[in-house]
Every structure is written in structure tokens, then in C-alpha cells.
Amino acid sequence: MSYSAAFRCIAGCEGSYPLGQVIYRCPRCGDLLEVVHDLRALATRTALDWRQVFADRWRATSGDFASGVWGKHEWVAPHVAAENIVSLGEGASPLWHAKRYARDLGVGEVHIKQCGTTHTGSFKDLGMTVLVSTVAQMIADGAPVRAVACASTGDTSAALAAYAAAAGIRAAVILPRGKISTAQLVQPLANGALVLAVDTDFDGCMRIVQDLAANEGVYLANSMNSLRLEGQKTVAIEIAQQLDWQVPDWVIIPGGNLGNVSALGAGFELMLALGLIDRRPRICVAQAAHANPLYRAYAAGWAELEAVPAKTTLASAIQIGNPVSFKKAVRALRAFDGVVEEASEAELADAAARADVFGAFACPHTGVALAALEKLVSRGLVTREHRAVVVSTASALKFTDFKVGYHEGTLAAVPAPRHRNQPVELPHDYGAVRDALLRGLDAR
Ligand SMILES: *Cc1c(COP(=O)(O)O)cnc(C)c1O
Ligand SMILES: [Zn+2]
């Protein structure tokens, strides 16, 4: 069977474009493109067959199927030949059933999809393996690609640099100077990317890279390029697979440029179309109150996007005021009976720390999603009858300044951290250590 997919305009214009073509917007109306799969070809296997195929490939010990993304090859990127796959073993991440945390919240079940458990420490790896593999395929087919480039709040550039380095493709990353974490900055540097730190914000970097892609023969690696979303949509498929194909009641996901929620929706839609699941979950997008254009549009009854200047937030990867995938996100949220929540700096930091007490180690963006979950609970939308999945988007090990600052009490935006925990510093003396131990254990 030959599987295939192509770019189409999301506004429904005529025409489809091969996935190896350098094209980011509809040439007729300028709107975003999306990847559309040949469903008839995919439907030549039954839903039960696909479930079995995915079960057989799950975390294969070696080869392409050791990757969660490439274990779904036909559904994701049928245009990439096996020899051009550039994989770092991404995906197939744990879905952690956080039982004690759910009890504390008063929710039936909470599962945390640990997308940060991956090579560069964020879910961006899932999309970047597809994008860079496509570029490798294009180069193998003789296309002239000078380099791959992206604007980034940190995690996209880390992923692009790693996959490009593994493939031997030149990479340039454009970052807002001084606005990303040290760990995020050092990743593309270590991987040998050309790092351009520009005195602007993410939205300013995004405008520059779009012009470079249009004029200078560099291939655009931002999520406006919907190839990325094809890899990211495997998060939805993995969640369903890990819940034995039972659809959760809620999926809560932090949103910035809004590609990832669009991908989540696309994954569930494809499973519905092919009969692997029989209903949709409700989706909640969580935004930082300091960068909340989607929240504002939602609160105004799905108004048009009004770009806002994004204010500094601890959730730096979602400090975006003019989200590229706004329209796709609204479409997904409408289809999934969706809601949008926002979280203040103190709310996101305390929510992350509260989950940590039960075994998580939540990055600030995951904290935004956890704060949204708390709000859905207090509004009675998520209850003891419900199973909720929170998408954790990055490893907190990339955001140690946030974690350390919280517990040291030095974050200006979080003057009174509620779950602060400090080391007890003691002299080299058995009695002192023993007393501190007994006192400390009693207080827990
Ligand atoms: C990119 C990113 C997001 C936001 O994803 P969008 O697709 O831009 O909405 C959230 N969290 C982390 C850690 C990210 O790197
Ligand atoms: Zn169009």
C-alpha cells in the first residue's frame, strides 16, 4: 500500500502541494497550510490492525521504531524514506499516573504526559525529527537547501540544532537576547549552530526569520511549518495508546505559538477518522497571564486575534504575544469543546511546586497547565468522575533557575512561595543532625 500526504490550505482553497516543496503559506490566500493524509490508504488497515501495529512497534529495542514518532511513520510522514530518517530516539514518553496528586486535587485520575523526557528536554524533538528528516529527504532528492533556521524562545532552537547536527545540515537559530534560560542557550551552541541573539522579543525574531526564509534560501523550522505538527500529533496518539484506547475526559496543554494544541487536535481527529477512538476529549489550553492573546480572544467569545506585547514570564517558552497558529488552535478548541485558562506567575510557580511534592518535577510551562487544572477543578469542570491528562512540555532540568529561585524565595514574581523547601544547614555534629532529622520528619 502506498501512503501519501500533502500540504493544503486551512481556509479550503483549491490545490495541494508536495511535502518536499518549500512552501509555508497558501499561495492563493496567504493562510496557513496543514498536512492532509490520504485517509483511504490509511483505512485499508482496520482500527484493530493499526492498534496491533502500534503495540508491536512500541519502544522497539532498535531501529526506526525505537522512536515513538517513527513507530507511527505512515500516519506522520509517509514521504520520508527510511534511509533519510533523522532520529534521536524521541517520543514513546511515559504517561505517569499521578495518583497521590490526583487525590490531593480531588480528581478521579490525573496522568502527566512526560514529553520533556527526551533528547533535548522538550516536546519540540517530536516535530523536529519530522522536519529535519524531510529536509534530509529533500537534499537526497537534489533540492538546494542552504540551511535550516528558526526563531525560538529556547526549546525549538535546541531541538533544531541537535537534529541538524545529527544530520550534518547547517542550522541558524534566532533568539531574543537575554530572554531564555542558560541551559537552552548552551544547547544550540554545543551543537554548533549559528546562534544569533537579537535585541528583540520572540515575535520580533519570528518576523526576521520569516523574511530570511522568503529571501535567502533557508528552510523555515518554526511550527508555522506544519511538518512539525505531524510529529507533535503523536502525543495524542500515544496518550490514547497508553490509556488502552480509552479517551480521557480532559487534556490540558500549555500554549504559546499554539502549534502544539493544533497538533494535539489533529492527532485525535485522525484517530477518530480511522476508528481507533470513538469520541473527543475536551481540551484546555493554558496560557501565562503575561502572554495571553488566546485567553483574551476566548474570553471575548472567540474574538479575532489581537496581538499583545508579551510581558516577561517565568514560562519563557510561551512568552508569545502574536501566535502564528492562532486560527488552527481556535478551530481545534471549537471542535473539542475547548476552554482557555490563564495563570499568574505565582499561580504557575505554586502549581508546579505542588505537583512536585507528589513526585513531579514540573517546568514553568507545565506549571501553567497544572494551575489551569486547579482552576478547572475549582470551577467544577474537572471532578472525581474525570480522568485528566496534563501535557508536560519540557524537563524542569532546563529551568533550574526557576526551581532554585522558587525554593530560595528569590523570584521577584513569587514573593510568597507556598511549597518552599530549604536545606537545613548543620555543623558536623551527630546530635545536631539527629535533632534536625527528628524535628524535620515530624513536620512532614
Ligand atoms: C514551545 C513550547 C510550548 C508551547 O508550544 P506552542 O506550540 O508554541 O503553543 C510550551 N512549553 C514548552 C516547554 C515549549 O518549549
Ligand atoms: Zn488559501
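Order of appearance sets the numbers: ligands from 1, and atoms from 1 within every ligand. Only heavy atoms go into these numbers, but all of them, side chains included; no hydrogens, no water, no symmetry mates.
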What does the angle at the Zn ion (ligand 2) come to, between atom SG of Cys26 and atom SG of Cys9, rounded to 10°?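 My answer is 110°, to the nearest 10°.
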Would you give the angle at the Zn ion (ligand 2) between Cys29 atom SG and Cys13 atom SG, to the nearest 10°?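 Here the angle at the metal atom is close to 110°, to 10°.
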Centre of Phe358's six-membered ring, under 6.0 Å away, within 45 degrees of the axis: is that where NZ or CZ of Arg100 sits?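 No cation-pi geometry.
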Measuring only between side-chain heavy atoms, which start at C-beta, is [X] closer than 4.5 Å to [Y]?
X	Y	result
Trp250	Pro281	no
His37	Tyr3	no
Leu243	His111	yes
Lys328	Leu229	yes
Arg280	Glu269	yes
Arg25	Phe7	no

May I ask you to identify the nearest protein heavy atom to [atom], giving residue, atom name and distance to one decimal place in Å?
atom	answer
atom 11 (N) of ligand 1	Thr393 OG1, 2.8 Å
atom 5 (O) of ligand 1	Phe123 CZ, 3.5 Å
atom 8 (O) of ligand 1	Asn257 N, 2.8 Å
atom 6 (P) of ligand 1	Leu258 N, 3.5 Å

In terms of relative ring orientation, are Phe402 and Tyr406 parallel, tilted or perpendicular, with 30° and 60° separating the classes?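 Because their plane-to-plane angle lies in the 30° to 60° range, the rings of Phe402 and Tyr406 count as tilted.
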Non-hydrogen atom of Cys363 closer than 4.0 Å to ligand 1: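 Heavy atoms of Cys363 never come under 4.0 Å of ligand 1.
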Proximal ligand 1 atoms for [X], defined as those under 4.0 Å from one of its heavy atoms:
X	answer
Ala394	13 (C)
Ile318	3 (C), 4 (C), 10 (C)
Gly255	9 (O)

So, Glu109 and Lys99, do they make that salt bridge, N to O below 4.0 Å?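 Looking at Glu109 and Lys99, the cut-off is not met.
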Polar contacts were defined as any N/O atom of the residue lying under 3.5 Å from an N/O atom of the ligand; does this apply to [X] and ligand 1?
X	result
Asp155	yes
Gly256	yes
Gly259	yes

Lys124, His365, Gln232: member with heavy atom nearest to atom 14 (C) of ligand 1: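 Answer by nearest heavy atom: Lys124.
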Asn260, portion touching ligand 1 at heavy-atom distance under 4.0 Å: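 It is both backbone and side chain that touch ligand 1.
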Between Gln184 and Lys179, is any side-chain donor less than 3.5 angstrom from a side-chain acceptor?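 Side chains of Gln184 and Lys179: no pair found under 3.5 Å.
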